[in-house]
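Have a look at the structure below, then the notes.
A note on names: the letters A, B, ... follow the listed sequences, proteins ahead of strands, and every chain is numbered from 1.
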2 protein chains.
Amino acid sequence: MADLARAVGVSKSTVSRAFSRPDMLNPETVDRIAEVAARIGYRPNRAARALSTGRHGNIGMVVPDIANPFFPPLIRAGQVEADRSDFCVFLGNSDEDPEQEDRLVSHFLSQVSGLLLIASRLDEDRIRAYADLCPLVLVNRDVAGIPRILIDSGPAVAEAVRHLHSLGHERIIYVSGPPKSWSEQERRAAAKAEAERLGMSLTVVPVTKPAYETGLELAPPVLDSGATAAVAFDDITAHGLMTGLSHRGVAIPKDFSLVGCDDVLGARTNPPMTTVTTSSEEAGRCAIAMLLALIAGAVPQGTLRTISTRLVLRGTTGPAPQR
Amino acid sequence: MADLARAVGVSKSTVSRAFSRPDMLNPETVDRIAEVAARIGYRPNRAARALSTGRHGNIGMVVPDIANPFFPPLIRAGQVEADRSDFCVFLGNSDEDPEQEDRLVSHFLSQVSGLLLIASRLDEDRIRAYADLCPLVLVNRDVAGIPRILIDSGPAVAEAVRHLHSLGHERIIYVSGPPKSWSEQERRAAAKAEAERLGMSLTVVPVTKPAYETGLELAPPVLDSGATAAVAFDDITAHGLMTGLSHRGVAIPKDFSLVGCDDVLGARTNPPMTTVTTSSEEAGRCAIAMLLALIAGAVPQGTLRTISTRLVLRGTTGPAPQR
DNA sequence: CAGTCTCGCGCAACCGGTTGCACGTCAACC
DNA sequence: GGTTGACGTGCAACCGGTTGCGCGAGACTG
């Protein structure tokens with residue numbers, strides 16, 4: 001920068017302003033500086049700028065598992081939205097581990113203007129502490145007072161249970177997800193409540209890591225349970241379960257009905273999966289927009305924004321088999 | 001930091017060394033500093049450190065499409081590997097657009113110690129220019145002199161063509177991928193060369209964006225072509241094509257054989273897809289390891305590292321139908 | 001006991017920008 | 001014609017660390 005200033009014959013201040021607040025300067029000066037800068041290949045140093053202004057122009061984003069297909073569209077939409085305001089995004093994988101998430105966040109802390117924690121596994125105190133240090137928004141995690149985006153899948157899960165009930169199913173299973181997941185808690189609670197209300201029997205099958213293989217291995221216990229239908233925490237696990245059942249000669253939906261969540265597979269399975277659909281892109285976009293507003297000091301209208309979901313009926317649910 | 005120094009009764013230098021080079025100090029001093037730091041909640045500021053040392057401890061990573069299932073495992077493995085050395089990673093989505101990639105890279109430039117460009121769409125000059133400015137490694141992009149990791153799918157694609165030939169197929173199709181993709185060029189060239197060698201007829205179906213929907217829409221032209229088999233640039237497009245063909249009553253593999261690439265679907269399709277498999281995790285891990293070595297000044301052993309692939313036979317290929 | 005070394009630490013400059021304040025110039029105004 | 005104000009620019013301090021160099025104290029040597 002000093003070199004540039006010398007080359008142009010102005011002071012560092014002027015060069016600085018040419019890039020950060022060109023309107024303060026004589027347009028000709030700005031042009032001259034821009035021209036010489038291009039010639040000698042000068043680019044303002046974001047790290048230095050951040051140090052002196054305190055505005056880093058970066059945001060930190062952490063997800064439990066990058067490779068879980070639910071997250072990439074959300075990450076992508078978030079990154080693209082951030083880029084529209086020239087923000088760079090750090091990405092971290094917590095691997096569902098609060099300690100790892102904490103590590104990541106603390107590494108991000110001193111170089112970001114804001115944090116986006118997606119399906120955070122941190123405990124409330126920790127989240128509150130970070131929120132005091134740095135603008136922070138949550139996705140799919142509900143902590144009072146902290147700005148958050150919630151993909152509200154409870155009602156659609158309840159609808160799924162009603163749907164199964166209307167098809168004559170009486171004994172169903174809920175295949176759970178990561179215990180610390182807010183979505184998991186919502187879905188489980190909604191399924192339980194609705195089943196109870198309708199007088200259905202609901203068994204919860206615990207699962208720690210949602211995965212295709214997990215679903216596959218679930219086939220025997222699910223069959224043994226005597227249930228005729230299942231609602232799963234996510235599509236991936238549901239897909240595994242579906243395949244596992246098929247391998248055992250169980251026809252879907254004739255012999256067994258299945259509902260997934262998140263709609264990450266679309267209609268690509270065979271039969272296409274009945275599931276709870278939503279737009280994770282929208283969640284990513286809104287979350288970043290809210291975070292940028294928070295950073296700008298514009299208190300977001302409401303600190304809580306919910307994104308709706310709905311049950312989409314496809315081919316994995318049908319009438320309960322006759323005994 | 002000054003506060004901490006005052007509170008402990010030492011100089012800033014000592015506090016600094018307590019965190020960056022504790023071995024230079026009296027262990028008791030380090031302990032005292034650490035204790036007080038924890039009490040008042042001091043954390044070293046990475047941005048400031050970067051400014052004064054020039055070592056940012058961040059790496060920038062850009063991919064063409066975060067949501068393309070080939071990338072998330074690679075991104076994840078890279079991030080995890082980087083984290084083992086306390087590096088944070090910026091992630092950017094170029095959306096297959098060289099200009100966008102350029103934007104991202106230039107934003108990263110002044111805050112990273114290294115760049116990882118995955119399947120870069122930048123032109124060679126640009127890549128070389130960036131490599132002069134900053135340690136840089138490429139994945140699935142072949143620029144002489146620049147350290148790179150190449151997932152060498154050519155041989156396996158050739159094997160796929162031989163496989164189809166041995167099954168009696170004579171007219172086949174290559175469903176292409178993004179034109180600027182190195183992998184695409186490799187695969188296409190390998191398929192062409194092998195088909196020619198074997199005296200098979202190979203038609204290239206151009207595709208700009210690999211996607212399930214793209215594959216779906218390809219069913220009619222593929223059928224019209226008179227070919228009895230296809231090799232596709234990736235599994236996603238192949239999957240779409242497979243479904244499109246099924247919708248039209250074409251049985252796979254009885255009436256038509258299909259080979260995918262990347263093995264992102266595993267055996268989850270029905271029938272399970274014959275494909276070219278590799279470990280994108282390994283690519284991500286190696287790439288970051290190589291980049292870290294480059295940053296550390298250890299010239300990587302060879303500046304070119306290839307990762308092998310192999311054809312895995314599953315259920316979408318079978319004998320050519322009799323006319 | 002004087003001389004030499006090592007160890008632990010402080011001083012101050014520096015990394016590359018930003019910004020409050022001051023200064024000089026010139027046009028507009030009464 | 002002197003005053004006022006706006007405009008364009010420079011000065012220097014500051015953001016929060018790092019690091020080469022120097023200094024004093026204690027240990028060790030001959």
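Closest approach of S110(B) to A47(A), counting heavy atoms only: O-CB, 3.8 Å.
Under the rule for a ring pair (Phe, Tyr, Trp, His ring centres under 6.0 Å), the partners of F90(A) that lie at least two apart in sequence or sit in another chain are F108(A), F90(B).
The CG-C1' distance, from N26(A) to dA6(D), rounds to 14 Å in whole Å. As rounded to whole Å, 13 Å separates atom P of dG8(C) from atom CG of D31(B).
Nucleic acid contact for T29(B): sugar-phosphate only, since backbone atoms but no base atoms lie under 4.0 Å from a heavy atom of the residue.
Proximity of P178(B) to P210(B): side-chain heavy atoms (C-beta onward) are separated by under 4.5 Å at one or more points. D132(B) places none of its side-chain heavy atoms less than 4.5 Å from the side chain of R128(B).
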Base-contact (B) and sugar-phosphate-only (S) positions in nucleotides 14-25 of chain C, heavy-atom cut-off under 4.0 Å, - elsewhere: -BBBBBB-----

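Atoms CZ and CG, from R76(B) and D65(A) in turn, are 4.5 Å apart once rounded to the nearest 0.5 Å.
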